[in-house]
*Asks:* 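Below you will find the structure I want to go over with you.
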Amino acid sequence: MAGILAWFWNERFWLPHNVTWADLKNTEEATFPQAEDLYLAFPLAFCIFMVRLIFERFVAKPCAIALNIQANGPQIAPPNAILEKVFTAITKHPDEKRLEGLSKQLDWDVRSIQRWFRQRRNQEKPSTLTRFCESMWRFSFYLYVFTYGVRFLKKLQMPTGSWREKSTCMYTPWLWNTRHCWYNYPYQPLTTDLHYYYILELSFYWSLMFSQFTDIKRKDFGIMFLHHLVSIFLITFSYVNNMARVGTLVLCLHDSADALLEAAKMANYAKFQKMCDLLFVMFAVVFITTRLGIFPLWVLNTTLFESWEIVGPYPSWWVFNLLLLLVQGLNCFWSYLIVKIACKAVSRGKAGKWNPLHVSKDDRSDIESSSDEEDSEPPGKNPHTATTTNGTSGTNGYLLTGSCSMDD
């Protein structure tokens, strides 16, 4: 085990040339990031999850009820033992051949069986109240952490350590001049505010990693899981090798648009459509500006070129920048979806079918297990009534709609 640890913490991988871990040990004169500090994120992630449950129950839910958001669930599929057995034991999405077999067995038409499976899948869909509470929690956290990040980057900073009284206050100059992220690197002292900011962000992403499996499932579940994983790696990586200064820029920049998205979703659930559209436009502008403009021109420029010039490359430098480039790839993917949503909304608005930038539905919609599926007949079709062999009847027609949803 000692050999594995020695290999993993190889100084030639993590640190620049001629720098050792002993150089970054805490002293009376200065405090530096230590890998063991990150263990604190696990109990804090649990605490954040518990705070979320309390917040959703005692803050978000009363707010939702005050806005007349009801906890109405989807329409329940009529009981049918044969279809239920197929749904639970064989498949939730029967193919054409199986549908025809079930149609003959039950004396139902194929459309009625498709409708039953659609309604049965939708039974697991969370209510609008649940969605609102989740979005309100995320909105509150994102707003707080972004506000804290901005205040941290603008305020006076005091290095930690017993020499505090002997030293003078210092600004965070790397907000305005990113070259300061690399001057005197890696011998940059850790401040209390920076430590708090990093541990809070890391704890939140760990809580998201675990709660993602119980939260509302969406089409981009895999992409979001990858995003959370990369975020955790980046935060951990930049803290351990003391790239925390540029890390704060990455964190603050990526937090800037998140609160607007959650606010737009809350407005959508509350049926404040004009406010929803306005917030979505603001979100789209901020997201694309920060992720496709400021991030590559400001952050990637300093991590790739300024750091090369001032510090020089070393193995963990390459890994850090590869992770940042992966984040940029995700940013491009989401920007594409946002533009696609906006174009669909505008085109539908011009056709008179949809108000411009009506974003109640979009391509980042929930997967079937938690999303609305159409359960009405195409216009002009009469609702079909079918009686099963076991006495169960189904009478729902369905109107085929083609809307797409912003997140749900």
Side-chain angles (χ1 to χ4, degrees), residues 52-75 122 125-147 215-220 224 255-290 334-335 337-367 370-376 399 401-408:
R52 171 187 172 173
L53 297 180
I54 296 171
F55 179 91
E56 291 184 356
R57 174 66 179 84
F58 295 103
V59 179
K61 188 175 180 180
C63 290
I65 293 173
L67 293 170
N68 296 319
I69 298 175
Q70 303 299 321
N72 297 330
Q75 187 172 8
N122 277 341
K125 169 184 174 289
S127 66
T128 304
L129 179 66
T130 301
R131 296 166 184 267
F132 180 90
C133 291
E134 179 185 312
S135 289
M136 188 171 180
W137 158 250
R138 295 194 180 206
F139 167 78
S140 301
F141 182 87
Y142 289 140
L143 183 63
Y144 167 74
V145 77
F146 174 66
T147 303
D215 286 344
I216 299 168
K217 288 184 171 58
R218 298 180 171 87
K219 284 182 179 179
D220 62 351
M224 287 303 297
D255 288 334
S256 59
D258 292 336
L260 290 170
L261 175 61
E262 300 302 331
K265 288 158 61 178
M266 289 164 57
N268 183 45
Y269 301 144
K271 302 189 186 310
F272 298 150
Q273 199 54 56
K274 290 185 178 180
M275 182 182 294
C276 173
D277 293 343
L278 175 62
L279 288 168
F280 181 77
V281 172
M282 294 170 60
F283 159 74
V285 171
V286 173
F287 187 97
I288 294 174
T289 301
T290 55
W334 282 315
S335 297
L337 290 184
I338 292 169
V339 172
K340 185 178 178 182
I341 295 162
C343 290
K344 280 186 177 181
V346 170
S347 63
R348 293 191 180 204
K350 288 180 179 178
K353 298 178 182 177
W354 213 10
N355 291 332
L357 295 187
H358 181 121
V359 289
S360 62
K361 304 263 180 204
D362 79 343
D363 296 275
R364 198 180 163 241
S365 60
D366 301 344
I367 61 173
S370 63
S371 68
D372 286 323
E373 295 185 51
E374 297 82 0
D375 42 62
S376 48
L399 175 66
T401 59
S403 58
C404 43
S405 108
M406 177 174 60
D407 190 67
D408 28 273

*Asks:* Where do A257 and V286 come nearest, in terms of heavy atoms and distance?
*Replies:*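 Smallest heavy-atom distance, with atoms named: CB-CG1, 3.9 Å.
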*Asks:* Tell me, with the steps shown, if L67 and F272 meet side chain to side chain contact (heavy atoms under 4.5 Å, CB included).
*Replies:* CA-CA 10 Å; L67 293 170; F272 298 150; 3.9 Å; yes
*Asks:* If I take atom CD from residue Q70 and atom CD1 from residue I65, how far apart are they, to the nearest 0.5 angstrom?
*Replies:*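 Spacing of CD (Q70) from CD1 (I65) equals 8.0 Å.
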*Asks:* Using the test salt bridge (Lys or Arg N to Asp or Glu O under 4.0 Å), find all partners of D258 that sit at least two apart in sequence or belong to another chain.
*Replies:* R291
*Asks:* Got a donor-acceptor contact below 3.5 angstrom from the S135 side chain to the F132 backbone?
*Replies:* no
*Asks:* Between R131 and E134, is the salt bridge (charged side-chain N to carboxylate O under 4.0 Å, His left out) condition met? List the steps.
*Replies:* CA-CA 5 Å; R131 296 166 184 267; E134 179 185 312; over 6 Å; no
*Asks:* So do the side chains of V59 and W137 get within less than 4.5 Å of each other, counting heavy atoms only?
*Replies:*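 When only atoms from C-beta onward are counted, W137 and V59 do not touch, as no gap falls below 4.5 Å.
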*Asks:* Are any non-hydrogen side-chain atoms of Y142 and L261 less than 4.5 angstrom apart?
*Replies:*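 When only atoms from C-beta onward are counted, L261 and Y142 do not touch, as no gap falls below 4.5 Å.
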*Asks:* Using side chain to side chain contact (heavy atoms under 4.5 Å, CB included), reason through I288 and V339 one step at a time and then give a plain yes or no.
*Replies:* CA-CA 9 Å; I288 294 174; V339 172; 3.9 Å; yes
*Asks:* What distance separates C133 SG from R138 CZ, expressed to the nearest 0.5 Å?
*Replies:*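 Taking SG in C133 and CZ in R138, the distance rounds to 13.0 Å.
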*Asks:* Between E56 and M136, is a side chain to side chain contact (heavy atoms under 4.5 Å, CB included) present by the stated rule, with each step listed?
*Replies:* CA-CA 8 Å; E56 291 184 356; M136 188 171 180; over 6 Å; no
*Asks:* How many angstroms lie between OG1 in T128 and CG in N68, if you round to the nearest 0.5 Å?
*Replies:*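 Going from OG1 on T128 over to CG on N68, the span is 12.5 Å.
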*Asks:* At what distance, to the nearest 0.5 angstrom, does NZ of K265 lie from SG of C276?
*Replies:*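 One gets 11.0 Å once the value is rounded to the nearest 0.5 Å.
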*Asks:* Distance from Q273 atom CD to L278 atom CG, nearest 0.5 Å?
*Replies:*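 The CG atom of L278 is 11.5 Å from CD of Q273, to the nearest 0.5 Å.
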*Asks:* May I ask you to check whether F283 and F287 place their ring centers less than 6.0 Å from one another?
*Replies:*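 Yes, the ring centres sit under 6.0 Å apart.
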*Asks:* For L143 versus A259, what's the shortest heavy-atom pair and its separation?
*Replies:*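 Answer, listing the atom of L143 first, then A259: N-CB, 4.1 Å.
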*Asks:* How close do A284 and I338 get, heavy atom to heavy atom, and via which atoms?
*Replies:*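 So the two residues come closest at CB-CG2, 3.5 Å.
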